[in-house]
2 protein chains.
Amino acid sequence: MQLELRVDRSSPVPLYFQLSQQLEAAIEHGTLTPGSLLGNEIELAARLGLSRPTVRQAIQSLVDKGLLVRRRGVGTQVVHSQVKRPLELSSLYDDLEAAGQRPATQVLVNTLVPASAEVAAALGLPEGSDVHRVERLRLAHGEPMAYLCNHLPPGLLDLHTDQLEATGLYRLMRAAGITLHSARQSIGARAATAAEAERLTESEGAPLLTMQRTTFDDTGRTVEFGDHLYRPSRYAFEFQLLVRP
Amino acid sequence: MQLELRVDRSSPVPLYFQLSQQLEAAIEHGTLTPGSLLGNEIELAARLGLSRPTVRQAIQSLVDKGLLVRRRGVGTQVVHSQVKRPLELSSLYDDLEAAGQRPATQVLVNTLVPASAEVAAALGLPEGSDVHRVERLRLAHGEPMAYLCNHLPPGLLDLHTDQLEATGLYRLMRAAGITLHSARQSIGARAATAAEAERLTESEGAPLLTMQRTTFDDTGRTVEFGDHLYRPSRYAFEFQLLVRP
DNA sequence: GAGTGGTCTAGACCACTCA
DNA sequence: GAGTGGTCTAGACCACTCA
């Protein structure tokens, strides 16, 4: 394994991050083949002119991503199985764009409404207080793929219909300086009502994939409550899970 | 914040782990309230007689779990939103047991079969080679909840029907010394066929929640390929996601 | 017994936040 | 300017794995 690794001490990028990026690239490009040993941490540190903790920090970040496996007494190996993309809090918009599908959005509703009991509970607001309600139809290849209904607390974000048609809700939140932290999700299935079927060009009673999500920012505010319906012929939730040790 | 923290240096449990467990317990019990500041790392280290890296390691593990948020220049805070259980690779059996539902299992099929093209591809074996096939019906409160069809490579595990009826597949794997590492999952929905409907006491065409999963151990072997059907009135996938920074 | 990662120390300098 | 976490060093001793 004659891997070319080098760090640039004049760069503002942290040394451990430079190293982890190079290792990740080498794994992605196949220079580091699955199962190959990385060389021990002390030797790696010496070769790069880094301290061992810095090398460990780089390796740890790739272990956390599932790309490397450490075994005491044995060494650090590139994982065999193809790890693609770990599960992350993604928006349907990003998912579709990443799949090269050029998503389109039709905004059906963008207004203030009094919060229902369910919405009020999810957002932590009094029932009946004003909340934003956004209903969107997401299309791919000109076909409806999902119906997205979201509620947001007031004052968090300016929601312009033209922006909502041009990009995804999470991108708008990030652009507004909101740091997303976590989300609680529930994925289920049920039969389409007549109205839902019409929106999604399905027939009444057809199976639909459902997702409810409450999203929190890093200050603990609830920033969004979503209730989504997907056409199962057009969309499935795909993700990679890591077993935490 | 007069939190009682103490480490036992005679214990074989790592110091950082003792600390992170105490912090986690304090968060869980409400001693450390959401939003409260932890006190800076150097002061914490001095108070506990630990070095700062050790304290950081403890804090980092709780940041990774989503319980703490660090902000440079500000401090480390307990997260506001209620983080329950992060998404992990769980078995339906464990899920049900954790929910206090005392799951029951009926093994419908437990045999060796030649691998179909799909199964062979998932397990990385030649088509037509012998694989274990297990079909199970999972019940809760005496009602069928899911139909589970799994394929496993030969020689990995002894699959006794009585064990499969007493516990979950993942537990059997772990007990056999298999270290699970990651899984690729796909969650979707579709209409029940007549045969599926009968097994699950649904009607033909009823919406079902589907999950396909390929699971890898830490040596990169594929240890399981599962194709599961859930009754959406009885089960949904619930989980918490963390946004990776 | 040789080699590995796991844990731990006691510092240092820095970038960032906020009053 | 005071206080915070982010990064980094140069070590140390240990438990575990494997031949």
Side-chain angles (χ1 to χ4, degrees), chain A residues 1 5-23 35-64 67-79 177 179 181 218-219 244-245, chain B residues 1 5-23 35-64 67-79 177 179 181 218-219 244-245:
Chain A
M1 200 255 319
L5 295 171
R6 214 173 296 151
V7 293
D8 173 8
R9 290 192 168 269
S10 69
S11 161
V13 177
L15 300 174
Y16 80 88
F17 193 71
Q18 292 183 38
L19 177 54
S20 71
Q21 281 191 313
Q22 286 176 52
L23 290 173
S36 61
L37 281 163
L38 216 61
N40 74 62
E41 297 172 352
I42 292 169
E43 181 258 345
L44 248 175
R47 203 165 99 203
L48 286 156
L50 297 172
S51 69
R52 186 179 164 208
T54 300
V55 169
R56 272 185 72 78
Q57 195 174 0
I59 291 174
Q60 186 60 48
S61 71
L62 299 182
V63 170
D64 290 343
L67 295 175
L68 296 177
V69 186
R70 279 206 270 229
R71 272 182 251 265
R72 196 199 304 224
V74 178
T76 303
Q77 276 180 301
V78 179
V79 99
T179 306
H181 174 263
D218 66 347
T219 69
R244 54 175 198 176
Chain B
M1 200 254 320
L5 295 170
R6 213 171 299 149
V7 294
D8 174 7
R9 301 194 87 99
S10 69
S11 161
V13 177
L15 301 174
Y16 80 89
F17 193 71
Q18 292 183 38
L19 177 54
S20 71
Q21 279 191 314
Q22 285 175 52
L23 290 173
S36 61
L37 281 163
L38 216 59
N40 74 62
E41 296 172 352
I42 292 168
E43 181 259 345
L44 248 175
R47 202 165 99 203
L48 286 156
L50 296 174
S51 69
R52 187 180 164 208
T54 300
V55 170
R56 273 185 72 78
Q57 194 174 1
I59 291 174
Q60 185 61 49
S61 71
L62 298 182
V63 170
D64 291 342
L67 296 174
L68 296 176
V69 185
R70 279 205 270 227
R71 272 181 252 264
R72 195 198 307 223
V74 178
T76 303
Q77 277 179 301
V78 179
V79 100
T179 307
H181 174 264
D218 67 347
T219 68
R244 53 174 198 178

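Remember, predicted model here, so these are calculated numbers, not experimental data. Below, read A as the first sequence line, B as the second, and so on, with proteins coming before strands; counting in each chain starts at 1.
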[X] side, atom [atom1]; [Y] side, atom [atom2] - distance, nearest 0.5 Å:
X: B/Leu48; Y: B/Gln22; atom1: CG; atom2: CD; result: 7.5 Å
X: B/Tyr16; Y: B/Gln21; atom1: OH; atom2: CD; result: 10.0 Å
X: B/Leu44; Y: B/Ile59; atom1: CG; atom2: CD1; result: 6.0 Å
X: A/Leu5; Y: A/Leu50; atom1: CG; atom2: CG; result: 10.0 Å

Using the side-chain heavy atoms of [X], tell me which of these nucleotides is nearest: [options].
X: A/Arg70; options: D/dA10, D/dT7, C/dG5; value: C/dG5
X: B/Thr76; options: C/dC18, C/dC8, D/dG5; value: D/dG5
X: A/Ser51; options: C/dG6, D/dC18, D/dC8; value: D/dC8

*Does a side-chain heavy-atom distance below 4.5 Å link B/Leu23 with B/Leu67?*
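No, their side chains stay 4.5 Å or more apart.
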*Does B/Val63 reach the side chain of B/Val69, with side-chain heavy atoms less than 4.5 Å apart?*
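Not in contact.
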For [N], take OP1 and OP2 only and decide whether either is under 4.0 Å from a side-chain N or O of [X].
X: B/Arg9; N: C/dT9; value: yes
X: A/Tyr16; N: D/dC8; value: no
X: A/Thr54; N: D/dT9; value: yes
X: B/Arg71; N: C/dC16; value: no
X: A/Asn40; N: C/dG3; value: no

*Round to the nearest Å and state the distance from A/Leu19 atom CG to D/dT9 atom C1'.*
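After rounding, the reported distance stands at 16 Å.
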Mind checking if [X] touches a base, just sugar-phosphate, or nothing, with heavy atoms under 4.0 Å?
X: A/Ile59; result: nothing
X: A/Pro53; result: base
X: B/Ile42; result: nothing

Pairwise N/O distances under 3.5 Å, protein to nucleotides 13-15 of chain C:
residue, atom, partner, partner atom, Å
C/dA15, O4', B/Arg72, NH1, 3.2

*side chain to side chain contact (heavy atoms under 4.5 Å, CB included) partner of B/Asp218, chosen from A/Arg71, A/Arg70, A/Gln77*: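 Output: one option passes, namely A/Arg71.
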*Given DNA chain D, 5'-ward residue of the pair A/Val55 and B/Arg56, judged by closest heavy atom*: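 First, find each residue's nearest nucleotide; the 5'-ward one identifies B/Arg56.
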*Closest nucleotide of DNA chain D for A/Leu50 versus for A/Val74: which of these residues is on the 5' side?*
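With A/Leu50 and A/Val74 compared, the 5'-side residue is A/Leu50.
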*Ignoring hydrogens and angles, tell me if any N or O in the side chain of B/Gln18 forms a donor-acceptor pair with the backbone of B/Asp8 under 3.5 Å.*
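Present.
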*Nucleotide pairing, DNA chain D (Watson-Crick or G-U, distances under 3.5 Å), in dot-bracket with [ ] and |*: ||||||||||||||||||.
